[in-house]
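Inspection log for the structure reproduced underneath, given as structure tokens.
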Amino acid sequence: MHAFRSHTCSDLNSANAGASVRLSGWVHRVRDHGGLLFIDLRDHYGMTQILADPDSPVFSKVEKVKSEWCIRIDGVVKLRDATLVNEKISSGQVEVFISDIEVLGAADELPLMVFGDQEYPEETRLKYRFLDLRREKLQKNMKLRSDVVASIRKRMWALEFREFQTPIITASSPEGARDFLVPSRLHPGKFYALPQAPQQFKQLLMVSGFDKYFQIAPCFRDEDPRADRSPTDFYQLDVEMSFVEQEDVFRTIQPVIQGVFEEFGGEKVVDTSWEKIPYKTSMILYGTDKPDLRNPLRMQIVSEHFQDSGFEIFSKILKQEGAEIRAIPAPSGGSRKFCDRMNAFAQKEGLPGMGYIFWRDVEGVVEAAGPLAKNIGAERTEAIRIQLNLGVGDAAFFLAGKPTSFEAVAGRARVTIGNELNLVDNNRFAFAWIVDFPMYEKDTETRKVDFSHNPFSMPQGGIQALDGDPLEVLGYQYDLTCNGYELLSGAIRNHKLEIMIKAFELAGYGEDEVRKRFGGMVNAFSYGAPPHGGCAAGIDRIVMLLADESNIREVILFPMNQRAEDLMMSAPSDPTSDQLMDLSLRVVKKSS
RNA sequence: GCGGUUGUAGCUCAGCUGGUUAGAGUAUCGGCCUGUCACGCCGAGGGUCGCGGGUUCGAGUCCCGUCAACCGCGCCA
């Protein structure tokens with residue numbers, strides 16, 4: 001017989017009755033009745049009830065085992081009496097009478113229990129990740145992740161993409177997020193960097209003639225974390241194709257993503273028609289470039305109704321250059337209590353507040369209420385009500401100023417209003433392409449023009465477009481939003497060297513700088529570069545949505561905490577002086 | 001870097017307007033128990049109330065500072 005097991009803990013059923021078997025696994029739960037002792041034995045596959053009574057030659061040994069000990073047992077399979085069948089486990093028809101036991105690994109008192117659904121603080125869970133991973137939820141999430149990755153690979157291969165591995169130690173790139181640097185031993189004072197994405201490599205693969213590339217690629221960025229963002233490293237489905245336009249990329253990638261969501265999304269409805277929303281429109285309607293379309297609320301511009309109106313604050317603001325008034329409709333939100341709460345929300349988010357109007361029924365007539373309505377008068381209020389298509393019991397909130405100053409908060413207010421009024425359809429994966437991103441943006445503090453998205457994207461309108469106002473230039477750049485998360489980002493690349501150099505010039509990078517930083521790619525683009533484009537989809541976020549989790553660490557095996565520390569491995573850690581010596585490095589203490 | 005929330009037994013939590021010896025569940029240890037599947041019953045041990053300072057006759061509770069975790073902002077081509 002095998003040293004550890006003849007069956008797994010989910011294998012046995014009535015067909016095995018009478019057989020002598022060997023099982024290995026963890027002690028999930030012990031129920032000690034003195035004269036009769038039950039153990040739920042658990043492995044990756046399932047659970048089997050094993051038991052011993054004083055007739056067992058190893059009864060005294062079995063009595064000593066505790067939760068989460070790893071054991072091997074021998075025994076005989078017996079059919080359970082019909083009244084004793086446990087429907088909850090696949091082996092519930094039978095149980096195993098223990099004749100021999102071997103303790104493979106005993107366990108100390110547990111910092112967190114594998115059994116049950118008790119919640120534990122994340123610090124504990126991360127420090128004892130190996131225990132947390134034994135629990136049902138993380139076992140399920142990690143299996144899902146593995147299955148999703150396998151399905152993606154299968155789908156990409158079926159579309160005749162090939163998977164290639166690109167370097168993990170490479171050169172720092174001046175754009176984008178902070179790099180992780182790796183000191184070079186052979187070149188004292190010089191550093192490699194971990195790639196933020198295989199961006200340049202995949203473009204070089206296109207120049208090299210490979211036509212269709214994909215990779216489940218690790219990406220490294222030294223960013224501060226969020227609930228939906230892993231610090232240090234995460235995985236992308238990285239894709240690039242030659243001889244394509246934007247629509248070709250959409251047509252190729254939608255079936256892959258949609259297919260994965262249909263395969264693993266359970267009962268949830270998966271959108272099959274993906275709307276294309278220009279960036280500018282998205283900002284107006286939703287206040288964000290990653291709108292959650294399960295929330296039906298759409299903001300509108302209502303400036304005209306406040307022009308020279310009796311509401312001094314707004315009409316004054318409107319006289320400023322570029323100022324607008326935007327409204328968030330709130331159907332069924334028509335109570336002072338609700339409106340005040342939302343106003344408080346906006347104040348907490350750093351705005352002076354949100355004005356509001358709500359409509360009520362007074363003796364059969366629709367009447368607008370709230371201080372704002374009084375100030376602008378019945379006619380304007382009614383015009384607003386008609387534009388927003390609201391009625392009795394509804395409300396609307398108003399934000400004034402330069403859109404950039406309130407757009408983000410308005411977007412969050414829209415989310416909060418939608419949630420509070422129960423308008424969000426949670427049983428759906430809502431997809432949309434966000435297209436026509438601006439190539440450049442002006443830094444609000446330095447007033448410097450810089451790339452807003454991806455510096456390697458092709459500007460719409462070609463090289464002529466770069467002659468005008470840089471802030472007006474749109475790129476062939478796109479994101480995919482799903483339920484309020486940015487799931488994918490991509491672009492048609494700029495494969496023409498003269499356009500690329502001009503594009504970088506507008507952002508303040510001279511030709512010499514470009515040639516120095518992107519030498520490999522610049523060089524390649526001088527030798528017959530094909531038109532190409534692609535995208536990268538966040539694997540962690542896809543799994544997070546499919547697992548119905550709101551925290552990305554629930555779908556990562558060994559995640560970092562909010563301070564980018566690995567509590568289990570104790571990373572980062574101090575280097576030895578020998579290591580530093582080897583690398584010609586000295587650690588400088590920060591004075592502050 | 002900034003803001004919010006949290007911090008009490010190994011673990012999850014309760015602890016009111018400041019007032020006797022800081023409690024419960026679970027885990028651990030001991031005893032009883034032959035049909036449980038969240039087994040049950042009896043008992044025991046287990047506490048720097050995150051840390052430091054202050055107010056007070058008296059602080060887990062109030063004040064100040066500080067540390068840590070999480071959530072958000074900045075950041076994220």
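Since the model is a prediction, treat every value here as computed from it, not as a measurement. Reminder, nothing fancy here: chain letters follow the sequence lines and each chain counts from 1.
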query = Separation of Lys127(A) atom NZ from rA69(B) atom C1', in whole Å?
reply =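 Interatomic distance, NZ of Lys127(A) to C1' of rA69(B): 13 Å.
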
Less than 4.0 Å between a side-chain N and a carboxylate O, is that true for [Y] and [X]?
X         : Y         : result
Arg125(A) : Glu554(A) : yes
Asp100(A) : Arg72(A)  : yes
Asp132(A) : Arg129(A) : yes
Lys140(A) : Glu136(A) : no

Please classify the nucleic acid contact of [X] as base, sugar-phosphate, or nothing, using heavy-atom distances under 4.0 Å.
X         : value
Ala408(A) : nothing
Tyr485(A) : nothing
Arg412(A) : sugar-phosphate
Glu122(A) : sugar-phosphate
Glu95(A)  : base

ask   = Phe518(A) and Phe456(A): aromatic ring centres closer than 6.0 Å?
value =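 Aromatic pair counts; centres sit under 6.0 Å.
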
Within less than 4.0 Å of OP1 or OP2 of [N], is there a side-chain N or O belonging to [X]?
X         : N       : result
Asn86(A)  : rC37(B) : no
Arg229(A) : rG74(B) : no
Arg226(A) : rG72(B) : no
Arg221(A) : rC75(B) : no
Arg31(A)  : rC39(B) : yes
Arg553(A) : rC71(B) : yes
Lys88(A)  : rA38(B) : yes

Quantified in whole Å, what is the [atom1] atom distance between nucleotide [N] and nucleotide [M]?
N       : M       : atom1 : answer
rA22(B) : rA9(B)  : C1'   : 11 Å
rG23(B) : rG46(B) : C1'   : 14 Å
rG53(B) : rC29(B) : C1'   : 40 Å
rC16(B) : rG72(B) : P     : 31 Å
rU12(B) : rG54(B) : C1'   : 33 Å
rG18(B) : rU55(B) : C1'   : 12 Å
rA44(B) : rA59(B) : P     : 30 Å
rG40(B) : rC33(B) : C1'   : 8 Å

message = Rounded to the nearest 0.5 Å, what separates atom CG in Leu204(A) from atom CE in Met521(A)?
response =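 Leu204(A) CG to Met521(A) CE: 6.5 Å, rounded to 0.5 Å.
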
Quick check for you: among [options], whose closest atom lies nearest to any side-chain atom of [X]?
X         : options                   : value
Asn561(A) : rC70(B), rC37(B), rU36(B) : rC70(B)
Arg29(A)  : rU34(B), rC37(B), rA38(B) : rA38(B)
Phe115(A) : rA68(B), rA38(B), rG35(B) : rA38(B)
Gln49(A)  : rC33(B), rC37(B), rA68(B) : rC37(B)
Ala227(A) : rA68(B), rC75(B), rC71(B) : rC71(B)

message = Tell me which residues in residues 63-85 of chain A lie within less than 4.0 Å of RNA chain B, going by non-hydrogen atoms.
response = Lys66(A), Arg80(A), Leu84(A)

task = Compare all side-chain heavy atoms of Phe250(A) with those of Val435(A) and state whether any distance is below 4.5 angstrom.
result =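 A side-chain contact under 4.5 Å exists here.
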
message = Return a single string for nucleotides 4-13 of chain B, one symbol per nucleotide in 5' to 3' order, where B is base contact, S is sugar-phosphate-only contact and - is none, cutoff 4.0 angstrom on heavy atoms.
response = ------BSS-

ask   = With both distances under 3.5 angstrom, what nucleotide forms a Watson-Crick or G-U wobble pair with rU12(B)?
value =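 Checking every strand shown, rU12(B) finds its partner in rA24(B), with both distances under 3.5 Å.
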
query = Within a radius of less than 6.0 Å around NZ of Lys127(A), do more than 12 heavy atoms belonging to other residues, nucleotides or ligands occur?
reply = no

Along RNA chain B (nearest heavy atom to each residue), the more 5'-positioned of Gln199(A) and Gln562(A) =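 Whichever sits nearer the 5' end wins; that is Gln562(A).
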
